[in-house]
Amino acid sequence: MENPHAERQAVLLERIVKNADKCTELILELNHCVEEIIRANLPVKIAADLATKYRKNVQYNLEATREESRPEDAGTF
Amino acid sequence: MQLKEPSPIPPNPPRWEPSADPASIPVPGLDTSAPVNDQIDQIEQLITLKLQDIDANFSKMQQVLSSRILPAFKRYSVATQPVREASKFWNSFYEQAAQVRIPTSDDYSSMYGQQEPEVTANLESEASTSHFDPNQTPSESSFLPGQAAVSSTPATTSRHRSQNPHDSFTTQGSDPSWTASLESPLVRLDRELQDFARDDQQSLTGESTFDDTANQTIHASPDKGKSREPSLRQNVLRQAVSPLKFRPKPKTPLRNPYIPRGMAPKEWSGVVDLRAPQTPLQENNDDDDDDDDLYMLPPGMSPPVTMALPTLGRTPRKEAAARIGRDLVGDAARSRYPPPRIGGGESSVSTAPTPPSLSRYARQGTASASESASISGMDSLMRRVEASGYQYAQEESSAMPMPIPEYDPRNASMESMSSDEDEDELVHNTAHPSAAFLLASRQRGRHDDDSFGSSSSGESADDDDDVGAEAVHPFARAGEAFDDSFDDDDGDVGAQEEQTLFGVPPAQRESAGGPGRIRMLGDDLMLDTGVIGQQLDRVEQSPTPWGGGQRHGSS
């Protein structure tokens, strides 16, 4: 009676499950990729942070020395 | 790669709430007036359609993932590889500068974060401690950490500063055991700085207020800075680790020639009085007779500015190509004459790490260390040529016998001509006999087969003047390892065995060309036009990882 429907739907469900599995695998692979990228970019982030810190220090020191000596000619980074 | 805007996602239809009464569940698309069995059929068909949609969505998802997203990530990771290389260099640079070890993992970050303010306080200046430790009690102890500061991660300061604002100096006496292993290579400089800081504190009147100590340390630091800096700089230069090639040190003389003789370098205000009876160039007459006489500027002329040339046409690529050209030239020159040492440091390899942007060019040609050697080699060659009455020139330049008799009359004109030339004084100099050769040969005729030009070295971007793209390095000879001159000589595009319009790139030329190939002077200018860039795979050679090597031509 509802066999034709059920049969068709079963086939569809089978395909759905197969596709979902593949998608899951792909997403897991994507996660690994992104994790690797993040891990690889960590030194870049460190370098950027170092540069920021350096600039902040330089700016601070320059301003401090500038006030101490003479208020001209700001040194920029 | 084009990014198109993603189409807006249609919102989900409202979910059905389960209900005990089947009759109350609304089913969209169902014809509620039909008989029940038909409704059942309709429902079944709706189910089938829904399942089909679900299947289609899943497969579409999988296709998009596998075809676009994952490859994009992989391309991204590959493309950012130069960034990582650069970050390695800069990390080592900052590590050396601050004598701080940066961990690659976050295992030690929590411990490092505590020690970080000590390190930065020691290394930057005492006044900067407030920058990192606003909560720290300003006292002398803040400047004298006592225990040597242990390696820490400046990068994790922001992460851990809020967590450990007061821990910076409390852990001095209780360093973990592992810090002992990390201390030894790192804290030597810290101790030096602490000693200086301690000396500063002791030399000044002891004041505990932060501002005063800051000001005093600032007062003292300029004086001490010079003794402190060499230790920092020495350490950096000595221990600098760079996976990349080195760059030659700037060739500055040991003593500033523009400082009046009796003045100490510290007191010099930087203003050179040209009316002064003793300009530095006149003073140098005593020192170097042979060479510097010819190097001397005309009286009253301001010293040429090294950087005055417009740098519009100069890109790292051109400069690197020029450098490669000079390396090639230097190789040939050096093959005849071993390079002497000038000033003790000229031909030595600089220990300063090279920024990554230029490393690719250093890798391609001969070692960039040979560049300074090449220049010194040419210098020696020049001197010998000049000293020996141009006999060497006759011997060497078997291919160019003509210019030699004309050296004298040309030399006078060369002096006036090259007085405007600025950079690379060693090479472009008036006394440069090669320049004389070139000028002579040029005046003889540009149609010579050997096609000499007037300018001397492979300085590409500077020789826009009279040379054009003509001819050959002054020391080029048949039989030496120089490349053939290119199209301008022959006048046609398909010159010799060149694959491209203006010739192969330096890397290929070096490998492909053997002895006997004369190189054109302005070729690196031409090489850097977009034509070459298009035809050759120079993406990886670009200093800028993303845009330098693309096909857009002008760099």
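Side chains are part of it too, since the values below use all heavy atoms of this structure and drop only hydrogens, waters and symmetry mates. Here is how names work: the chains are called A, B, and so on, in the same order as the sequence lines, proteins then strands, and each is numbered from 1.
Looking at A:Lys22 and B:Met61, their side chains never come closer than 4.5 Å, going by heavy atoms from C-beta outward. Contact of the B:Phe73 side chain with the A:Val34 side chain is registered, since non-hydrogen atoms from C-beta on lie closer than 4.5 Å. A:His5 places none of its side-chain heavy atoms less than 4.5 Å from the side chain of B:Ile47.
B:Gln45 touches chain A through backbone and side chain together, each having a heavy atom under 4.5 Å away. Contacts between A:Leu26 and chain B at a heavy-atom distance below 4.5 Å involve backbone atoms as well as side-chain atoms.
Heavy-atom contacts from other residues, nucleotides or ligands closer than 6.0 Å to CD of A:Glu14 number 12 or fewer.
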Query raised in the report: Going through the checks in order, is the side-chain contact (heavy atoms from CB on, under 4.5 Å) test met by B:Glu44 and A:Gln9?
Result: CA-CA 9 Å; B:Glu44 289 289 338; A:Gln9 289 164 15; 3.0 Å; yes
**Report entry** Check against side-chain contact (heavy atoms from CB on, under 4.5 Å), B:Trp90 and A:Leu50
**Finding:** CA-CA 9 Å; B:Trp90 286 114; A:Leu50 284 170; over 6 Å; no
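With values rounded to the nearest 0.5 angstrom, B:Thr48 atom OG1 is found 11.0 Å from A:Glu7 atom CD. Once rounded to the nearest 0.5 Å, the distance linking CG of A:Leu42 with CZ of B:Arg84 reads 11.5 Å. Remark: B:Tyr76 OH to A:Asn41 CG distance equals 4.5 Å, nearest 0.5 Å. Separating the NE2 atom in A:His32 from the CG atom in B:Leu70 is a distance of 11.0 Å, to the nearest 0.5 Å. Taking CG of A:Leu13 as the reference point, atom CG of B:Leu51 lies at 4.5 Å (rounded to 0.5 Å). Taken to the nearest 0.5 Å, the CD atom of B:Gln63 stands 9.5 Å off from the SG atom of A:Cys23.
Checked against salt bridge (Lys or Arg N to Asp or Glu O under 4.0 Å), A:Glu29 has the following partners two or more places apart in sequence or in another chain: B:Lys74. Residues satisfying the salt bridge (Lys or Arg N to Asp or Glu O under 4.0 Å) test with A:Arg15, not counting sequence neighbours, are B:Asp55.
Annotation for A:Ile37 and B:Ser77: closest pair CG1-CB, 3.9 Å, computed over non-hydrogen atoms.
Ranked by heavy-atom pairs under 4.5 Å with chain B, the list A:Cys33, A:Ala47, A:Ala48 is led by A:Ala47.
Panel note: side chain A:Asn19, backbone B:Ala56; no donor-acceptor pair is recorded below 3.5 Å.
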